[in-house]
Amino acid sequence: MPFYATAEANPNLAIIKYWGKRLEPPIIAPMNNSVSVTLDEQLRTRTTVLFSPKFERDKVWINGSEMRTPEELEKALPQLDAARKLAGSKLYARVVSATLTPLAGGLAGSAAGLCALAAACNEALELDLSPKDLSILCRIGSGSSCRSVYGGFAEWLAGTRADGSDSYAAQWFGEDHWKDFRTIVAIVSHEKKKVKSRAGMKQTVQTSMLYQQRLRDLPARITALKNALQERDIARMAEIAMRDSNSLHAVCLDTWPPILYLNDTSKEVIDSIHEFNADDIKAGYSFDAGPNPTIFTVEKHVPEIQKRLKEIPAIEDVIVSSVGSGPRALPDKGALMGADGTIRRWRVDNKKHDIIVEG
Ligand code: DP6
């Protein structure tokens, strides 16, 4: 066993949102099935992990900062424990992670991060997990990350078992299924989220009546989405995405005390997209637990949407992503830490979407 590996994973963006847990950490199983598209490599996360008898506890660095508080470590540590259990190992780990995803703006940062960590553990501990079992390891870290195990479009099944064993992700369509599909990610705010999704969804399950209606609506919406994706029908796909995002933010507002993730800029984006769609639906917005909009569309409409987004002053940056692939192991020359545990010199170049290891 090498006890040492590096892997990369891409974020995924939910078209049908996961919101609410039927099983709390460290299992994590959701109340509802969710569906996402995996993005390309521009916002990827790279993670190097080393398990060693030299270490007295787990240590995690993200973008150069050591995670020290229980809150900062709440996702990585249960996943490391689960990986150790699968390997029958008691060795502590050092984890060094570099991400191109802007963190904590409600932009699926933990999806790429916890998928990259699971994929690195899978290599380092030679777990030889199937995609299904890798998605279960991901889920233990952060629910949404289990959908990043696949390229293309994937569904995370809620399952019904009390041990969560039937809650895993499965691929719907591969990354080549819809070549001109695009996800436009607009960066509105680098501020940290006010209410983290983990806390927010728990509050919703406990207090929102409207949430029960959302759960009833979802099966038909998911079937309709599968048909729209199968037929590469952007009008239907985009309408479903917008309706699901609106439903999520409606239940957030119905939560007590209410949670408002959207801001004035989000509203400008919503208005602009509906104006663009006046004659026929060509694009759909979607918001996770934050104000950053993502727009689903097809390639030919990207220039017009970019023009519209650039007219909104608070939009700082726009990233256009194709449909991407699942996680991959990297050769040691791309590692962020040496096999002896020394952290290497590296930097992220957000403009070029690159992670550069310098020494
Ligand atoms: C709004 O996966 O971050 O992005 O399982 O508690 O780690 P935990 O939550 P997380 O929640 C993501 C919520 C969402 C919707 C989605 O990605 O499906």
Side-chain angles (χ1 to χ4, degrees), residues 1-10 25-28 41 44-64 66-68 72-99 110-143 145-151 163-165 167-169 171 325-346 355 357 359:
M1 229 183 265
F3 296 107
Y4 172 66
T6 301
E8 282 189 345
N10 300 343
I27 299 178
I28 303 192
E41 296 189 357
R44 69 192 179 279
T45 294
R46 182 182 303 181
T47 294
T48 300
V49 65
L50 170 67
F51 292 86
S52 166
K54 284 193 306 192
F55 304 147
E56 287 168 2
R57 61 185 175 91
D58 293 320
K59 285 190 171 203
V60 179
W61 286 263
I62 301 177
N63 278 4
E66 188 178 349
M67 304 291 109
R68 293 175 190 278
E72 286 172 334
L73 291 163
E74 73 178 353
K75 299 194 174 191
L77 296 194
Q79 198 181 63
L80 288 169
D81 284 341
R84 273 188 285 263
K85 199 170 164 198
L86 287 167
S89 166
K90 293 207 176 328
L91 299 179
Y92 285 112
R94 201 167 266 195
V95 176
V96 184
S97 196
T99 184
S110 66
L114 277 301
C115 182
L117 177 57
C121 289
N122 186 30
E123 294 293 323
L125 300 172
E126 290 182 331
L127 300 175
D128 207 16
L129 298 176
S130 65
K132 173 183 160 181
D133 288 337
L134 184 62
S135 81
I136 291 178
L137 182 58
C138 284
R139 191 202 76 202
I140 290 167
S142 181
S145 74
C146 74
R147 299 180 308 235
S148 277
V149 164
Y150 303 93
D163 64 356
S165 57
S167 180
Y168 55 88
Q171 190 181 54
S325 52
R328 56 256 156 216
L330 247 61
D332 289 351
K333 69 176 186 338
L336 305 171
M337 164 176 60
D340 61 351
T342 329
I343 298 178
R344 287 189 175 154
R345 260 192 305 121
W346 55 266
I355 299 166
V357 179

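The first residue of the sequence shown is numbered 1, and numbering continues consecutively from there.
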Exercise for the section: For side chain to side chain contact (heavy atoms under 4.5 Å, CB included), just list the numbers for Lys85 and Asp81, CA-CA rounded to whole Å, side-chain angles, deciding distance to a tenth of an Å, and then say yes or no. Expected result: CA-CA 6 Å; Lys85 199 170 164 198; Asp81 284 341; over 6 Å; no
Exercise for the section: Check whether any side-chain heavy atom of Ile27 lies under 4.5 Å from a side-chain heavy atom of Ile140, and answer yes or no. Expected result: no
Fill in the blank from the handout: d(Ser145 OG, Gln79 CD) to nearest 0.5 Å is 6.0 Å
Exercise for the section: Could you tell me whether the side chain of Val60 reaches within less than 4.5 Å of the side chain of Glu66, counting heavy atoms only? Expected result: no
Exercise for the section: Find the distance between CG (Leu114) and OG (Ser148) and round it off to the nearest 0.5 Å. Expected result: 10.0 Å
Exercise for the section: Using a 4.5 Å cut-off on heavy atoms from C-beta on, say whether the side chain of Cys121 contacts that of Leu86. Expected result: no
Exercise for the section: Please assess Glu8 against Thr45 for the test side chain to side chain contact (heavy atoms under 4.5 Å, CB included), listing each intermediate value before the final yes or no. Expected result: CA-CA 6 Å; Glu8 282 189 345; Thr45 294; over 6 Å; no
Handout entry: N/O donor-acceptor pair under 3.5 Å between Ser142 side chain and Ser110 backbone
Key = no
Exercise for the section: Please name the pair of heavy atoms, one in Asn63 and one in Trp346, separated by the smallest distance, quoted to 0.1 Å. Expected result: CA-CH2, 3.6 Å
Practice task
Kindly compute the distance separating OG (Ser130) from OH (Tyr168), expressed to the nearest 0.5 Å.
Solution key: 10.0 Å
Exercise for the section: Check whether any side-chain heavy atom of Leu91 sits under 4.5 Å from a side-chain heavy atom of Pro53, and report yes or no. Expected result: yes
Practice task
Show your working on side chain to side chain contact (heavy atoms under 4.5 Å, CB included) between Val49 and Val96 and close with a plain yes or no.
Solution key: CA-CA 7 Å; Val49 65; Val96 184; over 6 Å; no
Problem - Any donor-acceptor pair under 3.5 Å from Thr48 side chain to Leu336 backbone - result: yes
Problem - Arg57 side-chain N/O to Tyr92 backbone N/O, donor-acceptor pair under 3.5 Å - result: no
Problem - Test item: Arg46 and Thr6 side chains (from C-beta on) under 4.5 Å apart, heavy atoms - result: yes
Fill in the blank from the handout: To the nearest 0.5 Å, atom CG of Asn122 lies from atom CG of Leu127 at 5.0 Å
Exercise for the section: If a pair satisfies salt bridge (charged side-chain N to carboxylate O under 4.0 Å, His left out) and one of its residues is in residues 112-139, list it, with sequence neighbours excluded. Expected result: none
Practice task
Kindly give the heavy-atom pair with the smallest separation between Ala82 and Leu137, and that separation in Å.
Solution key: CB-CD1, 3.7 Å
Exercise for the section: Verify the neighbour count for atom CZ of Phe3: are there more than 12 heavy atoms of other residues, nucleotides or ligands below 6.0 Å? Expected result: yes
Exercise for the section: Can you spot which of Val95, Thr342, Leu50, Thr47 makes a side chain to side chain contact (heavy atoms under 4.5 Å, CB included) with Met337? Expected result: Leu50
Problem - Backbone N/O of Ala93 and side chain of Asp58: donor-acceptor pair under 3.5 Å - result: yes
Exercise for the section: Please name the pair of heavy atoms, one in Val149 and one in Cys138, separated by the smallest distance, quoted to 0.1 Å. Expected result: CG2-SG, 3.6 Å
Completion exercise
Heavy atoms of Cys115 and Pro327 approach each other most closely as SG-CG, 3.9 Å
Exercise for the section: Apply salt bridge (Lys or Arg N to Asp or Glu O under 4.0 Å) to the pair Asp340 and Arg94, showing each step before the final yes or no. Expected result: CA-CA 10 Å; Asp340 61 351; Arg94 201 167 266 195; over 6 Å; no
Handout entry: Criterion side chain to side chain contact (heavy atoms under 4.5 Å, CB included) on Arg84 and Phe51, from CA distance to verdict
Key = CA-CA 9 Å; Arg84 273 188 285 263; Phe51 292 86; 4.1 Å; yes
Practice task
State which residue, out of Glu41, Arg328, Arg44, fulfils the side chain to side chain donor-acceptor pair (under 3.5 Å) condition with Asn10.
Solution key: Arg328
Problem - For Tyr150 against Ala169, the heavy-atom pair lying closest together - result: OH-O, 2.8 Å
